[in-house]
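I have placed the structure first, in the form of structure tokens, so that the comments after it can refer back to it.
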Amino acid sequence: MGTTFTISGAVLRKAGLNVNAGLLSGGVYISGTTLIIDHWINDAESIINSATRKNWVSAYDGLNANYKNILGDAASSLAAMNCIVYDMDGYTSSVKAQVMLDVLRDNFLRDLDILKDKKTEDFID
């Protein structure tokens, strides 16, 4: 299954310079030919759809750039969190990794709040 809101490169950029080398090289698969990062992006897309009670994947092609950027930021932030917790050994300290997780969580929650807000829909559309 393909991804819609973001790509693995955006996820890895947010996961930082010390992300697991296997993830960085694209060598970690969840099953068959599905990259684990793509799996995490698909999970994030499902969570966003469920939390906002809207199927953004189906509506994606008709959305303007503002919505697409918010959806991409939300999905890449959540997927990047999975990259960090997958293997924290490369990070210089657990505190550094935790700060990165906190920032990504805050970005994800902010994006969800924006997507849920009816005033955003009125403003962006």
Side-chain angles (χ1 to χ4, degrees):
M1 185 163 121
T3 62
T4 304
F5 300 163
T6 193
I7 58 173
S8 61
V11 172
L12 291 168
R13 186 185 80 243
K14 286 185 176 184
L17 295 174
N18 298 313
V19 69
N20 175 277
L23 295 176
L24 196 56
S25 69
V28 180
Y29 294 86
I30 188 135
S31 63
T33 59
T34 302
L35 286 171
I36 196 167
I37 295 174
D38 289 344
H39 173 75
W40 289 329
I41 293 169
N42 286 324
D43 285 352
E45 291 173 353
S46 295
I47 290 166
I48 293 164
N49 287 343
S50 297
T52 60
R53 294 185 176 99
K54 180 170 180 157
N55 189 340
W56 296 100
V57 173
S58 295
Y60 192 80
D61 287 338
L63 297 174
N64 68 35
N66 292 311
Y67 271 122
K68 289 180 179 181
N69 289 337
I70 295 166
L71 290 164
D73 186 55
S76 60
S77 293
L78 189 56
M81 291 173 67
N82 285 309
C83 290
I84 293 169
V85 298
Y86 175 77
D87 178 9
M88 296 174 89
D89 288 343
Y91 296 89
T92 54
S93 72
S94 59
V95 173
K96 181 177 179 177
Q98 186 59 55
V99 169
M100 293 175 73
L101 289 168
D102 291 346
V103 170
L104 291 167
R105 181 204 59 226
D106 292 349
N107 287 348
F108 175 72
L109 293 174
R110 178 204 59 221
D111 292 338
L112 275 186
D113 286 343
I114 291 169
L115 292 167
K116 288 179 186 178
D117 189 350
K118 178 68 174 153
K119 292 178 186 174
T120 301
E121 186 177 338
D122 295 340
F123 173 73
I124 291 180
D125 288 339

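Nothing fancy with the numbering, it's 1 onward along the sequence.
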For the student: nearest non-hydrogen atoms of [X] and [Y], plus distance:
X      : Y      : result
Leu104 : Ala80  : CD1-CB, 3.8 Å
Ser8   : Ile41  : N-CD1, 3.9 Å
Leu35  : Gly26  : CD2-O, 3.1 Å
Ser77  : Asn107 : OG-CB, 3.7 Å
Ile37  : Cys83  : CG1-SG, 4.1 Å
Leu12  : Leu23  : CD1-O, 3.9 Å

Q.
Looking at Ser58 and Asn55, would you say the former's side chain and the latter's main chain have a donor-acceptor pair under 3.5 Å?
A.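 No; judged by distance alone, with no hydrogens or angles, the pair does not exist.
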**Q.** Side-chain donor/acceptor of Asn69 to backbone N/O of Ala65, under 3.5 Å
**A.**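 Such a contact is found between Asn69 side chain and Ala65 backbone.
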Verify same cluster id: [X], [Y] (apolar side-chain graph, 4.5 Å):
X      : Y      : value
Val11  : Val28  : yes
Val103 : Leu112 : no
Leu24  : Tyr91  : yes
Met81  : Val85  : yes
Tyr60  : Ile48  : yes

Would you say the side chain of [Y] lies within less than 4.5 Å of the side chain of [X], judging by non-hydrogen atoms?
X      : Y      : answer
Lys14  : Asp73  : yes
Leu78  : Ile47  : yes
Asp102 : Gln98  : yes
Asn42  : Thr3   : yes
Leu63  : Leu71  : yes
Lys54  : Leu115 : no

Q: May I ask you to check whether Glu45 and Asn49 show a side-chain donor-acceptor distance below 3.5 Å?
A: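 Side-chain D/A pair, Glu45 to Asn49: absent.
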Q: Return yes if a side-chain donor-acceptor contact under 3.5 Å exists between Thr52 and Lys116, otherwise no.
A: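 Note: Thr52 and Lys116 side chains miss the donor-acceptor criterion.
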Q: Give, for atom CG of Leu17 and atom CZ of Arg13, the distance between the pair rounded to the nearest 0.5 Å.
A: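 Atom-to-atom, Leu17:CG and Arg13:CZ are 12.0 Å apart.
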Q) Nearest 0.5 Å, what's the CD1-CD1 distance between Ile114 and Ile70? A)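 CD1 of Ile70 is found 5.0 Å from CD1 of Ile114.
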Q: Begin from the C-alpha positions of Ile36 and Tyr29 and carry the test side chain to side chain contact (heavy atoms under 4.5 Å, CB included) through to its verdict.
A: CA-CA 5 Å; Ile36 196 167; Tyr29 294 86; over 6 Å; no
(Q) Check this for me, if you would: do Asp113 and Arg110 make a salt bridge, where the nitrogen-to-carboxylate-oxygen distance has to be below 4.0 angstrom? (A)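 Salt bridge between Asp113 and Arg110, a charged N being under 4.0 Å from a carboxylate O: no.
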Q: Flag this pair as yes if the NZ/CZ of Lys68 is under 6.0 angstrom from the six-membered ring centre of Phe5 and inside a 45 degree cone about the axis; otherwise no.
A: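 Relative to the ring axis of Phe5, which defines the angle, Lys68 lies outside at least one limit.
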Q) So Tyr86 and Trp40, would you call those rings parallel, tilted or perpendicular, with 30° and 60° as cut-offs? A)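 Rings of Tyr86 and Trp40: perpendicular, over 60°.
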